[in-house]
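Contents: one structure, followed by commentary.
Being a predicted model, the structure only gives us computed values, none of them experimental.
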Amino acid sequence: MNKDELIALAGQMSIDEYVYDEEWGYSTSEGPPSDLAYETARRFQDIQMLPVLMDLLEQTKRLEMKQYFYFMLGTIGMNTGDVRVADFLLERLAQETKPTLIVSILDELAKQERVHDATDIIQYVEDSRSAIRNSAIDALGSCRGALAEEALIRFITTSTDSFEIMSANFVLATIETERVIPHLLPLLDHPKGDVRHSALNAISELGDDSFLPMFIKGLEDRSVDVKAYALLGIAKHGDASSIQPVVKRLKTMLKRKRQIQSDDGLVALRFLNRYRQSDKTIPVLFDWIITKRWDVLFDEERQWLNKYRTSN
C-alpha cells in the first residue's frame, strides 16, 4: 500500500457504524468499515511499508490517526519478526507524551517477538496511570534479560494491586528463568485467588517436578482458578502419586452439572489415562463416569470418553 492508501485505511478504522445500503434499504451484514479495515491491517506483512508508516507517524498530528498507524506498524513487526519495528517503536516511545499514544506504543511492543532494550519500557511499570502500567507490564513480555526480569520481580514484591500482580506473574512465566521462583512462592499465600493462580502457573512454567506437592495442595484451594492451574501443573509435572488427588478433584467436579465451560475435566481425564494400564481403578472410574455421570459432562468430555471407549 502507498501513503494515500494507508491514510484511507486509517480513516476507515475510525468508522464504527454499519454502512446503510440505499438500494437494498438495510445496513450491510459485513460489519462496520472499522472491522473490515482492521482485518485488512492484521494481514500486513510487507516490510516495504515500514518507511512509509514511519514517515506518516513523523508527519501526522492527529492522535487517532497515529494510533492506527502504530497498529499497522506493530502488526507488520508481529507478522514478519522484523526487529526494525521494535527499534522504531522504542524511539517513538521516548518522544510521545500523550498517555493514549504511550499505551498504543507499549501495546504494539507487546506484540513483537523480541524487544532488545527494556530500559524505556521499565520506566512506565511504576507509572501513576494504571493503563500505562498494565501496557508496560505486557510489553516486558517481549523483552529478555535481567533488566526486564528484575523490574517485574520488583513489581510483584511491592505492588498492592492484585490484577496487576497477576498480569506480571503471567509475563514472568514467559521469562524462562528459575531465579524468579523464590519471589513467586510467597504469592501462593496471597489473599486474592488471581494472584495465587497466576503464581502457580508461573511456577509450573519455570519449575520442575520438585514443585509437585504445591500443585497437589492447590487442588484444595478455595479458588476454582487455582484448582484449574494446579491441574495443569500436575499434568505437566505429575506422576503416579498424583492419581488419587486428581481422581478426588474429578469426582468433585462431576457431582453436579457445571455452569461454566472449562477444560479442567479433560485435563484430569487425560492425565489419569496415562496410568490406566498400571492402575486398575482408573478404567473403573471412567466406566462409572460413562454410565452414571454422562449427563453432567461437557461435549468435549463426552467426545474424549467415546474415543476412549472405542479404543478399549
Side-chain angles (χ1 to χ4, degrees), residues 86 89-90 92-208 210-211 213-215 217-218 220-230 232-233:
L89 288 170
L90 286 173
R92 298 297 303 180
L93 186 63
Q95 298 172 29
E96 299 286 9
T97 57
K98 294 187 181 300
T100 303
L101 294 178
I102 292 172
V103 168
S104 292
I105 296 171
L106 290 170
D107 288 346
E108 297 312 315
L109 284 165
K111 290 160 52 175
Q112 305 311 302
E113 182 178 343
R114 185 62 56 90
V115 177
H116 295 292
D117 188 355
T119 306
D120 290 331
I121 299 172
I122 289 171
Q123 65 175 315
Y124 289 113
V125 172
E126 303 292 343
D127 196 273
S128 61
R129 296 156 292 192
S130 62
I132 291 179
R133 286 199 306 274
N134 292 330
S135 292
I137 289 168
D138 289 341
L140 286 179
S142 297
C143 303
R144 293 294 181 272
L147 283 180
E149 186 178 70
E150 288 165 5
L152 289 166
I153 290 173
R154 186 164 57 250
F155 185 82
I156 66 170
T157 54
T158 59
S159 175
T160 58
D161 188 303
S162 60
F163 176 81
E164 293 178 355
I165 296 172
M166 176 185 70
S167 298
N169 284 343
F170 276 109
V171 173
L172 280 168
T174 69
I175 297 292
E176 299 178 357
T177 167
E178 292 183 4
R179 81 182 191 94
V180 174
I181 292 178
H183 304 281
L184 293 166
L185 294 176
L187 298 180
L188 295 177
D189 296 317
H190 196 280
K192 296 291 187 179
D194 287 346
V195 173
R196 296 197 304 277
H197 85 245
S198 59
L200 199 63
N201 170 70
I203 291 169
S204 175
E205 292 299 317
L206 304 174
D208 53 30
S210 66
F211 295 98
M214 292 182 183
F215 304 127
K217 181 182 177 183
E220 304 295 331
D221 195 275
R222 62 185 181 275
S223 165
V224 174
D225 289 333
V226 174
K227 290 184 178 77
Y229 279 96
L232 290 172

Exercise. Any idea which heavy atoms bring L140 and A148 closest together, and the distance?
Worked result: CD2-CB, 4.0 Å

Exercise. Do D117 and T119 pass the side chain to side chain donor-acceptor pair (under 3.5 Å) test, and can you show the C-alpha distance, the side-chain angles, and the key distance before you say yes or no?
Worked result: CA-CA 6 Å; D117 188 355; T119 306; 2.7 Å; yes

Problem set entry | Distance-minimising heavy-atom pair for R133 and S128 | NH1-O, 3.2 Å

Problem set entry | Check: V171 main-chain N/O paired with T174 side-chain donor or acceptor under 3.5 Å | yes

Seminar exercise, completed: Scanning both residues in full, the closest heavy-atom pair of A139 with L109 reads CB-CB, 4.2 Å

For this session: Evaluate the criterion side-chain contact (heavy atoms from CB on, under 4.5 Å) for residue pair I203 and L185; output intermediate values, then yes/no.
Result: CA-CA 8 Å; I203 291 169; L185 294 176; 3.7 Å; yes

Exercise. So how far is it from L152 CG to I165 CD1, rounded to the nearest 0.5 Å?
Worked result: 12.0 Å

Exercise. What closest approach, in Å, do I132 and L106 show between heavy atoms, and which atom pair accounts for it?
Worked result: O-CD1, 3.8 Å

Exercise. Once you round to the nearest 0.5 Å, how far does CG of L93 lie from CD of Q123?
Worked result: 6.5 Å

For this session: Nearest 0.5 Å please: distance from the OG atom of S159 over to the CG atom of D161.
Result: 5.0 Å

Exercise. Roughly how far, to the nearest 0.5 Å, is CG of L101 from CD of Q95?
Worked result: 11.5 Å

Problem set entry | Minimum heavy-atom distance V226-G193, with the two atoms named | CG2-O, 3.8 Å

For this session: With the side chain counted from C-beta on, respond yes when K111 and L89 share a heavy-atom pair under 4.5 Å apart, and no when they do not.
Result: no

For this session: Take S204 and Y229, measure what side-chain contact (heavy atoms from CB on, under 4.5 Å) needs, and give me the verdict at the end.
Result: CA-CA 9 Å; S204 175; Y229 279 96; over 6 Å; no

Problem set entry | Least distance between heavy atoms, P99 atom then R129 atom | CG-NH1, 3.4 Å

For this session: To the nearest 0.5 Å, tell me how far L200 CG sits from N169 CG.
Result: 10.5 Å

For this session: Calculate, to the nearest 0.5 Å, the distance between atoms CD1 and CZ belonging to I153 and R179 respectively.
Result: 4.5 Å

Problem set entry | Non-hydrogen side-chain atoms of M166 and H190 separated by less than 4.5 Å | no

Exercise. D208 and S210: side-chain donor and acceptor closer than 3.5 Å?
Worked result: yes

Problem set entry | Whether over 12 other heavy atoms sit under 6.0 Å from E113 CD | no

For this session: Give the intermediate values and the outcome of side-chain contact (heavy atoms from CB on, under 4.5 Å) for residues Q112 and L90.
Result: CA-CA 12 Å; Q112 305 311 302; L90 286 173; over 6 Å; no

Exercise. Charged N to carboxylate O below 4.0 Å: is that the case for K192 and D194?
Worked result: no

